[in-house]
A.B. asks: 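Below is one structure. I have some questions about it.
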2 protein chains.
Amino acid sequence: MDTRERLIESTRELLWERGYVGTSPKAIQQRSGAGQGSMYHHFHGKPDLALAAITRNAEELRERARAAFDGPGTVAERVTAYLRRERDALKGCPVGRLTQDPDVMADPELRAPIEETFAWLTGTLSALLAQGRADGELHPSLDPAATAAALVAVVQGGYVLARAAGSPDVYAQAIEGALALIHFQQKDNH
Amino acid sequence: MDTRERLIESTRELLWERGYVGTSPKAIQQRSGAGQGSMYHHFHGKPDLALAAITRNAEELRERARAAFDGPGTVAERVTAYLRRERDALKGCPVGRLTQDPDVMADPELRAPIEETFAWLTGTLSALLAQGRADGELHPSLDPAATAAALVAVVQGGYVLARAAGSPDVYAQAIEGALALIHFQQKDNH
DNA sequence: GTCTATAAATTGATAGAC
DNA sequence: GTCTATCAATTTATAGAC
């Protein structure tokens, strides 16, 4: 891995662990093993490097979500697979956590990949649920957009609960609780 | 309001807006109108002042939740009132946001009020749901602890979605989607 | 491309006058 | 109780040698 790549990877990790405000150029340099001058040769500064790292975090999140959504099985099975997918609950979401960072949200360039990621995620999940409803698998009363928003919110909020409790168990519990949203709207479960 | 009080209130606001890492003593002094020496006279330092502010934020959160949980109506009505209560979705949760702050979570004293608040919140909501189930209002298949965790998570995650989208609408949508969890488990809705 | 030197500003605090 | 002065460390760079 070359220096530029190590800088991006180190920044990705630090943004995940400490956020944008909590991540200093010095810390990035130390973790990546790159010197001061090296970092400023490859990137214009902290915001430029952060943009590269955030963009990559966002792309990876989408890839993993797409893998579950496009997987085998019924709509309910695919949504369940997405929700039950293994996640490091105590680390939280590398994209979602940046929404709490005022300096990230204040910069339109840094904010864009985050906004797009969640718009894509809720939109794609909503379309999947709508398809399940159209196919007769899910009950006609199901609101695809509202349910999609609720399910994505449970994942994001589950991280908050897990970190507050210092245990991933609450995260798993929230996910299982939310699965009732799908379970009860499957036509054969009434 | 005396100086000590203004320091706590200013710190509360700044922790909410910018988190612990993003809040400097200088910013606290400027917002509160207190001088350097004044702040260090009333508090031992940033962690000491933050503890006072976090504790108060946690207490207020509990008070507001208690008001909804202890309100009039059936269990389903009270839970719905809690979830639909007006919140500034773009500002997020003053307690939940601190779970993303590594320096807060690393300090047992700062972390304790956050852990306790969410333990109390999910526990109290779970007990309320269990009561609704025992009274025959909610379906026996409802899992009180898992449903409580999911509902609290939707609120916390709804903030993330709202901030990502730059609009409170997604928050409201997630809440409405989650209400189906209660709606479908009311015995007369089958 | 990487390194060291330098620097202005900020951070988190202490000291001591008033 | 509040103020100003001071301070070591860190932050976020820039400059220029190699």
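Only heavy atoms go into these numbers, but all of them, side chains included; no hydrogens, no water, no symmetry mates.
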A.B. asks: What is the separation between atom CG on A/Leu49 and atom C1' on D/dT11, rounded to the nearest whole Å?
C.D. replies: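 Going from CG in A/Leu49 over to C1' in D/dT11 covers 15 Å.
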A.B. asks: Consider the side chain of A/Gln36, meaning its heavy atoms from C-beta on, and name the nucleotide among D/dC3, C/dG12, C/dA5 that approaches it most closely.
C.D. replies: C/dA5
A.B. asks: Starting from C1' on C/dT6, measure out to OH on A/Tyr40 and report it in whole angstrom.
C.D. replies: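 It works out to 14 Å between those atoms.
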A.B. asks: Could you state the CG-C1' distance from B/Leu14 to C/dT11, rounded to the nearest angstrom?
C.D. replies: 15 Å
A.B. asks: I need the NZ-C1' distance between B/Lys46 and C/dT10, as an integer number of Å.
C.D. replies: 12 Å
A.B. asks: So, is B/Ser24 close to the C/dT11 phosphate, meaning a side-chain N or O under 4.0 Å from OP1 or OP2?
C.D. replies: yes
A.B. asks: For B/Gly37, report the nucleic acid contact type (base, sugar-phosphate, nothing); a contact means any heavy atom under 4.0 Å.
C.D. replies: base
A.B. asks: From CD of A/Glu5 over to C1' of C/dG1, roughly how many Å is that when rounded to an integer?
C.D. replies: 16 Å
A.B. asks: Rounded to the Å, how far apart are B/Arg18 CZ and C/dT11 C1'?
C.D. replies: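 Going from CZ in B/Arg18 over to C1' in C/dT11 covers 13 Å.
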A.B. asks: Is a salt bridge present between B/Arg31 and B/Glu17, judged by a nitrogen-to-oxygen distance below 4.0 Å?
C.D. replies: yes
A.B. asks: Please report the distance, rounded to the nearest Å, between CE in A/Met39 and C1' in C/dT2.
C.D. replies: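 Rounded to the whole Å, the gap is 14 Å.
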A.B. asks: Among C/dG12, C/dT2, D/dA13, which is the nearest nucleotide to the side chain of A/His42?
C.D. replies: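 Shortest atom-to-atom distance from the side chain points to C/dT2.
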A.B. asks: Shared ILVMFWY cluster between A/Tyr20 and A/Leu7, side chains joined below 4.5 angstrom?
C.D. replies: no
A.B. asks: Starting the side chain at C-beta, find the nucleotide from D/dT10, C/dT11, C/dT2 nearest to A/Lys26.
C.D. replies: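 Of the candidates, D/dT10 comes closest.
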A.B. asks: Taking the six-membered ring of B/Tyr159 as reference, does the cationic atom of B/Lys91 (NZ for Lys, CZ for Arg) lie under 6.0 Å from its centre and within 45° of its axis?
C.D. replies: no
A.B. asks: Does B/Val155 belong to the same Ile/Leu/Val/Met/Phe/Trp/Tyr cluster as B/Leu181, with side-chain heavy atoms less than 4.5 Å apart forming each link?
C.D. replies: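 The answer is yes; both residues are in one hydrophobic cluster.
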A.B. asks: Kindly say if A/Thr3 contacts the phosphate of C/dG1, meaning a side-chain N or O under 4.0 Å from OP1 or OP2.
C.D. replies: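 So the side chain of A/Thr3 is outside the cut-off, no N or O lying under 4.0 Å from OP1 or OP2 of C/dG1.
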A.B. asks: Rounded off to whole Å, could you give me the CG-to-P distance for the B/Asp48 and C/dG12 pair?
C.D. replies: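 Those two atoms, CG and P, are 15 Å apart.
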A.B. asks: Going through the distances and angles, do B/His139 and B/Arg133 end up as a side chain to side chain contact (heavy atoms under 4.5 Å, CB included)?
C.D. replies: CA-CA 6 Å; B/His139 199 271; B/Arg133 195 180 58 174; over 6 Å; no
